[in-house]
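Keep in mind it's a predicted model, so treat the numbers as computed, not measured. Sequence lines set the chain letters: A, B, ... in the order given, protein chains first and strands last, and positions in each chain run from 1.
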Number of protein chains: 2
Amino acid sequence: MSDDSATPDRAGRRDVLAEAAAELVLREGLGTMGLRGLARRLGTSDRMLIYYFGSKDTLVTGVLARIGEKLSVLLQAYSVGPPVSPGAFLGQVLALGRDPVVMPFMRVWTDVIARAAAGEAPYDMVAKKVVADWTAWIGTRLIPDPDRPCPPAALLSIVEGVTLLEMACPGSTTEAGPWLAEALMRADGRAAG
Amino acid sequence: MSDDSATPDRAGRRDVLAEAAAELVLREGLGTMGLRGLARRLGTSDRMLIYYFGSKDTLVTGVLARIGEKLSVLLQAYSVGPPVSPGAFLGQVLALGRDPVVMPFMRVWTDVIARAAAGEAPYDMVAKKVVADWTAWIGTRLIPDPDRPCPPAALLSIVEGVTLLEMACPGSTTEAGPWLAEALMRADGRAAG
DNA sequence: CCTTCCATGAAGCGAGTGCTACACTAGCGC
DNA sequence: GCGCTAGTGTAGCACTCGCTTCATGGAAGG
């Protein structure tokens, strides 16, 4: 009776709301996720958000899942190339992070991880999955190095750190990104030796 | 009339409260900075915290400044050695970050920067100063490299990223830290070439 | 026409926030 | 003793938060 298939319009409307909320979060950040403010920006009411999603936590996880799907679609376009060295990968990802299409995603995920670090529910659970997914994806993008295998979390840490610092102090990392990529590429050249 | 010198006891009591709050934040994190909860843990009342500090923002900045002083005292013990290469520095700092005495400081500052990234006052202002101070300190700890000068923000990004990921997903960066330090040291070996 | 049920608005609840107004005590100078 | 002021407890304000209750409109089905 109360499952979605019995009321397809309801699931459809929820989907529309989730999509609109995802676009809004990508545009304005996670700071706008209060029920009343979010509802106002979406042209509905907090009452309706709870009606369709059941609770704010499921709304947040749903919206973040949708943002994740959007990003994975984007990333598939960058995964077609061959695996590369850690330094080259970092250079690619940091350049990607300056792409105005990808940048909002970086900011949202870094914000999610930052809230998870503060112990805020439900971001802590979401962050665990996100970190797992990303390390797995990074792992598939790296040339295996039997001598000194690069832990994907190492590259993820750099990307998160650069993004976080850039969000907190805009402009503070303009030189840091290129230097890091080049330093790792220098290390790449020594990886086999 | 209302300055501190006229009522030294008041300044003294404020100092005691700030010290106790700093210890508490180092122990339990910034999540405990609500006025009522903080006051309860300090054995006083929110009324008194406002009375002595004027507002929550000045209380927060005061407590964070005190934590900063504590850390700078700690760090002076590690600044007596000669300047080192970026890779060696990163190895030292990441090892330092696992020291149970220093770890609470790392977590607090990373939390501050994370809140600043979310645009939360007054952490945004504090973070700007913290990042400036740290990049300056890192700059004094690095061997100048005329060919490829290492931006201090690069190392700060790594430290922040590793700390953030470790807070969000404990255990996810156990291999990342050593690998990064070693990779940068490999790059150090190529810096002059 | 009448029922039934989905969708929605209006109002409100209870808890939380930073902060304030008021009353009171205790100690000090006159 | 009197007045003054610093310190502190109690209560409360105005607000936000996630969420609920009530009432209603309106369409579908008998």
Side-chain angles (χ1 to χ4, degrees), chain A residues 1-18 20-21 24-25 28-64 111 115 118-126, chain B residues 1-18 20-21 24-25 28-64 111 115 118-126:
Chain A
M1 283 293 199
S2 63
D3 64 332
D4 299 339
S5 61
T7 57
D9 287 350
R10 177 159 173 175
R13 177 102 179 103
R14 185 174 57 195
D15 229 42
V16 169
L17 285 173
L24 193 136
V25 166
E28 308 194 9
L30 278 175
T32 64
M33 282 294 268
L35 278 184
R36 287 178 173 82
L38 182 62
R40 187 172 5 96
R41 292 157 191 264
L42 295 179
T44 178
S45 68
D46 57 339
R47 169 73 182 73
M48 286 296 96
L49 291 180
I50 295 295
Y51 177 69
Y52 282 113
F53 291 92
S55 74
K56 186 195 174 184
D57 278 9
T58 64
L59 183 153
V60 169
T61 54
V63 169
L64 290 179
D111 202 346
R115 285 163 193 255
E120 188 177 344
Y123 300 98
D124 48 354
M125 299 303 172
V126 176
Chain B
M1 286 290 201
S2 62
D3 64 332
D4 298 340
S5 60
T7 58
D9 288 351
R10 178 161 172 174
R13 178 105 179 99
R14 184 173 59 194
D15 229 42
V16 170
L17 284 173
L24 194 138
V25 166
E28 308 193 8
L30 278 174
T32 64
M33 282 294 268
L35 278 185
R36 287 176 175 80
L38 182 62
R40 188 171 3 98
R41 292 157 190 265
L42 295 180
T44 178
S45 68
D46 58 337
R47 170 71 182 74
M48 285 297 97
L49 291 181
I50 295 295
Y51 178 69
Y52 283 113
F53 290 92
S55 75
K56 185 194 175 183
D57 279 7
T58 63
L59 183 151
V60 169
T61 54
V63 169
L64 290 178
D111 203 345
R115 286 162 193 255
E120 188 177 347
Y123 300 98
D124 49 355
M125 298 306 172
V126 177

Q) Do B/Val60 and B/Tyr123 come within less than 4.5 Å of each other through their side chains, counting heavy atoms only? A) yes
(Q) Counting only side-chain heavy atoms from C-beta out, which of D/dC13, C/dG9, D/dC19 sits nearest to A/Ile50? (A) D/dC19
Q: Kindly indicate whether the side chain of A/Arg47 and the base of D/dT21 share any N or O donor-acceptor pair separated by less than 3.5 Å?
A: yes
(Q) Tell me the interatomic distance from B/Leu49, atom CG, to C/dC19, atom P, rounded to whole angstroms. (A) 11 Å
Q: Answer with yes or no whether A/Asp9 presents, from its side chain, a donor or acceptor under 3.5 Å of a partner atom in the base of C/dC6.
A: no
Q: May I ask you to test the B/Met48-B/Arg13 pair for a side-chain heavy-atom distance under 4.5 Å?
A: no
Q.
Any base atoms under 4.0 Å from A/Thr44, or only sugar-phosphate, or nothing? Heavy atoms, all strands.
A. nothing
Q) Could you state the CG-C1' distance from A/Leu38 to D/dC19, rounded to the nearest angstrom? A) 15 Å
Q) A/Tyr52 near the nucleic acid: base, sugar-phosphate alone, or nothing, with a heavy-atom cut-off under 4.0 Å? A) sugar-phosphate
Q.
From C-beta outward on A/Lys56, which listed nucleotide comes closest to its side chain: D/dG18, C/dC19, C/dT8?
A. D/dG18
Q. Taking only side-chain nitrogens and oxygens of A/Ser45, does any of them come within less than 4.0 Å of OP1 or OP2 of C/dT8?
A. no
Q) How long is the line joining CE of B/Met48 and C1' of D/dT10, in whole Å? A) 11 Å
Q: Compare side-chain N and O positions of A/Tyr51 against OP1 and OP2 of C/dA7 and report whether any pair is under 4.0 Å apart.
A: yes
(Q) So for B/Asp46 and C/dC19, does any side-chain atom that can act as donor or acceptor lie under 3.5 Å from a complementary atom in the base? (A) yes
Q | Length of the CE-C1' vector between B/Met33 and C/dG16, whole Å | A | 17 Å
Q: Assess whether one donor atom and one acceptor atom, taken from the side chain of A/Arg36 and the base of D/dG18, lie less than 3.5 Å apart.
A: yes
Q: Send over the distance from B/Phe53 CZ to C/dT20 C1', rounded to a whole Å.
A: 18 Å
Q) Taking atom C1' of D/dC19 as reference, at what distance in whole Å does atom CG of A/Asp57 sit? A) 12 Å
Q: Find the distance A/Leu35:CG to D/dC19:P and express it as a whole number of Å.
A: 6 Å
Q: Looking only at non-hydrogen atoms, find the nearest pair between A/Ala39 and A/Asp46 and report the distance.
A: CB-N, 3.3 Å
Q. If we only count heavy atoms from C-beta on, is the A/Val126 to A/Arg115 side-chain gap below 4.5 Å?
A. no
Q.
Taking the side chain as everything from C-beta on, heavy atoms only, tell me whether A/Tyr52 gets closer than 4.5 Å to A/Thr44.
A. no
